[in-house]
Chemist: 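Sharing a structure, written as structure tokens. Questions coming.
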There are 2 protein chains.
Amino acid sequence: MSEATTRLVRETADRLGYQVNALGKALREGSDGVVGIVVPMVSNPFYAALVHEFEDQLSRLNLKLLIADSHGELDRELERLEALAGRRVRGIFAVPAYFDRSRPAISKIARQLPLVQVDRRVEDDSALAFVGVDNADGIGQALRHVAEQGAGTVVFVGADDRTSVGRERRRAFETVVEQLGLAAQEPIIDRYLFEFGLSAAERLRDRPTLPDAVIAGDDLIATGLLAGFARHGVSVPGDVLITGFDGTILADICNPTLTTVQQPMATIAEAGVEELLRKIDDTGAAGAHVRLPTTLRRGDSTGARVTSSASHSAT
Amino acid sequence: MSEATTRLVRETADRLGYQVNALGKALREGSDGVVGIVVPMVSNPFYAALVHEFEDQLSRLNLKLLIADSHGELDRELERLEALAGRRVRGIFAVPAYFDRSRPAISKIARQLPLVQVDRRVEDDSALAFVGVDNADGIGQALRHVAEQGAGTVVFVGADDRTSVGRERRRAFETVVEQLGLAAQEPIIDRYLFEFGLSAAERLRDRPTLPDAVIAGDDLIATGLLAGFARHGVSVPGDVLITGFDGTILADICNPTLTTVQQPMATIAEAGVEELLRKIDDTGAAGAHVRLPTTLRRGDSTGARVTSSASHSAT
DNA sequence: CTGAAAGCGCTTACAG
DNA sequence: CTGAAAGCGCTTACAG
């Protein structure tokens, strides 16, 4: 076929506005260039950032991202997973709504197509791939930091055991508190919401004694605590120290800025995509569990930092 | 066909894990139950919230949402729009990256399938549907409010004319300032980023005189200004008042809380879905332009509110 | 090397 | 009322 013909065909196609029908292509080829992700709540800045990173990684591989929101509800999660599977997406990233109750749905879908759990996992998931952070070590970093800042009495304000993340952070808190010989007040447990942090601040203020430091389950709770304490005239870090978890933009926006356990969002997305590609190449591949390290990101909520010039002159 | 047979078929299908292949269904039917949305940045809390509302509205109609991120870049936007069109989605919601340069891509896609512009629009778009807020009135609400709080000199810190929202808010600022007889300092113009607000605060502090109030182009810029002023010891609302725009969760999280122009996210999604359904029903339907009203949401960044009990006793 | 046919999984319209 | 055929748009494998 001559070059001229090729050009003519292309030009005519363009002129007529021809566009490949991705549906026909996908049907013929068994799947198309779409990957799905199911998150509990896109409006949580952590998941928004994570989705952003995944979208970025995937677009380099010419893959599109279909985003679904489970609202953290079991039936919605199943419906979303089945909708994605029914569309024969190449693979699915899932942040399970529940540690225990999401297991059947996640396992079922994982039997049908490549699936990688992200951030949270379900129980007995040795056959399933997972990419997330070392939550226990993250909480350890936060606790050691406030201990160094002089905190003796601490309290955990976080989420319940319904999610793997909730239970991992909560248990790590108890373990590390003991290791460090700190005193722990009764924890306050609910959900990852700003409003919860707000009300938790009130409950803490009403206690006979305020703890020296509050370890929050995530940045939303931490910023809620910050706002709640501000309303009630409790000074942070003057009266109490606060740490968050995730390292979202919220930590910059609040005042004082928040000390938080930084999750490596870009690396999570990279590792997640890598795992998914592995599963796509070899459907029988065992599910690897990837635990990435967190880093402590210091803000002003755990005490004013010694400025670098001052710290130099002190040395 | 007997009931027993029906049941047997269903049970067997279930046992074998049969699942309708949405691809075949879609190919046969010409389209499937998927709607696409292209936003400039999912990690902007405003767009995250908007996506959340759209997802909510659509799921009631059994429609799935395919989310794409243009990063505010022209080529990426075109690529995403074409990918969605190639998949023969039912329709597309688009937040155009540019007022002028996005026009060809948006128009082209809109000729192929139902498309509704959301939040931002392109120029000469009388044929295209649009749903957004009355930005001019929103800026008016903010300016009248700071004027009532005693501000005489004001400044606009917002985004440039590349987006319809940027130009609408900026021009409204100039118009209303004149109407109210306020004095305006030289505006500072860049992009909708927290970091920009941060640097703008520094530039304002370095001016010979601080304005009485800063009208920010959105909540990200406003919270950036807040954080920037806090770092440089400028008191808000003591030394300067600040207003935001959007009404995101950021307005609650910052300290002081932010007075902001609240966009009715849920109503925008409702109206957007309604317009899209109209276009789907009647492809030739003229593109309606829906402008929804904003409301002023008062925070502490424009002066401590008189508490309701105090205001009652004062009356 | 070119061109026509087969088939992905579905649903609708039609023949029996 | 039941069952087989046609066709959505694509790509791959095969016949000419």
Side-chain angles (χ1 to χ4, degrees), chain A residues 1-36 61-64 66 68 78-92 108-115 279-283, chain B residues 1-36 61-64 66 68 78-92 108-115 279-283:
Chain A
M1 203 158 60
S2 74
E3 250 187 57
T5 315
T6 311
R7 205 174 335 117
L8 179 66
V9 171
R10 289 210 173 281
E11 277 170 9
T12 313
D14 272 3
R15 189 160 44 75
L16 266 46
Y18 171 78
Q19 227 185 350
V20 170
N21 182 322
L23 253 29
K25 190 162 151 45
L27 180 58
R28 166 66 227 233
E29 293 177 339
S31 181
D32 57 357
V34 173
V35 167
L61 301 168
N62 259 308
L63 292 167
K64 311 279 164 281
L66 188 58
L78 178 60
E79 186 195 297
R80 297 293 190 271
L81 286 169
E82 285 186 331
L84 290 170
R87 294 190 63 68
R88 302 298 191 270
V89 292
R90 272 273 171 67
I92 293 180
K108 183 187 163 200
I109 301 296
R111 250 176 273 125
Q112 296 173 23
L113 42 77
L115 182 150
K279 282 259 176 192
I280 288 172
D281 284 348
D282 174 12
T283 317
Chain B
M1 204 159 58
S2 74
E3 249 188 60
T5 314
T6 311
R7 202 171 339 114
L8 179 63
V9 171
R10 289 209 173 281
E11 277 171 8
T12 312
D14 272 3
R15 189 161 44 74
L16 266 46
Y18 171 77
Q19 225 184 350
V20 170
N21 182 323
L23 253 28
K25 190 162 152 42
L27 179 59
R28 165 68 227 233
E29 292 176 341
S31 181
D32 57 357
V34 173
V35 167
L61 301 167
N62 258 309
L63 292 167
K64 311 280 166 280
L66 188 59
L78 177 61
E79 185 195 297
R80 296 292 190 272
L81 286 169
E82 286 186 331
L84 289 169
R87 296 189 61 68
R88 302 297 191 270
V89 293
R90 273 273 171 68
I92 293 181
K108 184 188 161 198
I109 301 295
R111 251 176 272 124
Q112 296 173 23
L113 43 75
L115 181 148
K279 283 259 177 192
I280 288 173
D281 284 349
D282 174 11
T283 317

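Letters A, B, ... mirror the listed sequences (proteins, then strands); counts begin at 1. Excluded from the calculations below are hydrogen atoms, water molecules and symmetry mates; all remaining heavy atoms, backbone and side chain alike, are included.
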Chemist: Would you compute the distance between atom CD of B:Gln112 and atom CD1 of B:Ile92 and round it to the nearest 0.5 angstrom?
Modeler: 8.5 Å
Chemist: Would you check, one step at a time, whether the test side chain to side chain contact (heavy atoms under 4.5 Å, CB included) holds for A:Val34 with A:Arg87?
Modeler: CA-CA 9 Å; A:Val34 173; A:Arg87 294 190 63 68; over 6 Å; no
Chemist: Measure NZ/A:Lys25 against P/C:dC10 and give the value in whole Å, please.
Modeler: 20 Å
Chemist: Tell me every residue that passes side chain to side chain contact (heavy atoms under 4.5 Å, CB included) with A:Leu8, counting only those two or more places apart in sequence or in another chain.
Modeler: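 Partners of A:Leu8 by the side chain to side chain contact (heavy atoms under 4.5 Å, CB included) criterion, ordered by chain and then number, come out as A:Thr12.
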Chemist: So which atom in A:Ala85 and which in A:Ile109 form the shortest heavy-atom distance, rounded to 0.1 Å?
Modeler: CB-CD1, 4.2 Å
Chemist: Working to the nearest 0.5 Å, report the span between CG of A:Asp32 and NZ of A:Lys64.
Modeler: 10.0 Å
Chemist: Would B:Glu11 and B:Arg7 satisfy salt bridge (charged side-chain N to carboxylate O under 4.0 Å, His left out), going step by step from the backbone distance to the final call?
Modeler: CA-CA 6 Å; B:Glu11 277 171 8; B:Arg7 202 171 339 114; 5.1 Å; no
Chemist: To check you understand the geometry: which heavy-atom pair defines the closest contact between A:Arg88 and A:Ser31, and what is its length?
Modeler: O-OG, 2.8 Å
Chemist: From the set C:dT11, C:dG9, D:dT11, return the single nucleotide nearest to any side-chain atom of A:Leu27.
Modeler: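 Among the listed nucleotides, the one closest to the side chain of A:Leu27 is C:dG9.
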Chemist: Please state how far atom CG in B:Asp32 lies from atom P in C:dG9, giving the value in whole angstrom units.
Modeler: 17 Å
Chemist: Tell me, do A:Leu66 and B:Leu66 make a side-chain contact under 4.5 Å, heavy atoms counted?
Modeler: yes
Chemist: Return all side-chain donor-acceptor pairs below 3.5 angstrom for residues 16-23 of chain B, not counting sequence neighbours, or 'none' if the list is empty.
Modeler:
residue : atom : partner : partner atom : Å
B:Gln19 : NE2  : A:Glu82 : O            : 3.4
B:Asn21 : OD1  : B:Leu23 : N            : 2.7
B:Asn21 : OD1  : B:Gly24 : N            : 3.3

Chemist: Tell me, which stems hold DNA chain C, with a stem being 3 or more Watson-Crick or G-U pairs in a row and both distances under 3.5 Å?
Modeler: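 Detected stem regions: C:1-3 with D:14-16, C:5-12 with D:5-12, C:14-16 with D:1-3.
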Chemist: Among residues 108-115 of chain A, which contact DNA chain D at a heavy-atom distance under 4.0 Å?
Modeler: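 Those residues whose heavy atoms fall under 4.0 Å from DNA chain D, taken from residues 108-115 of chain A, amount to none.
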Chemist: Under 3.5 Å between N/O atoms: give me all the protein pairs with nucleotides 12-15 of chain D, atom names plus distance.
Modeler:
residue : atom : partner : partner atom : Å
D:dT12  : O4'  : A:Arg28 : NH1          : 3.2
D:dT12  : O4'  : A:Arg28 : NH2          : 3.1

Chemist: Would you please name every residue forming a side-chain hydrogen bond (donor to acceptor under 3.5 Å, both in side chains) with B:Glu79, sequence neighbours left out?
Modeler: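 Listed in chain order: nothing, the list is empty.
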Chemist: Rounded to whole angstroms, how far apart are CD on A:Gln19 and P on D:dC8?
Modeler: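 Roughly 19 Å, once rounded to whole Å.
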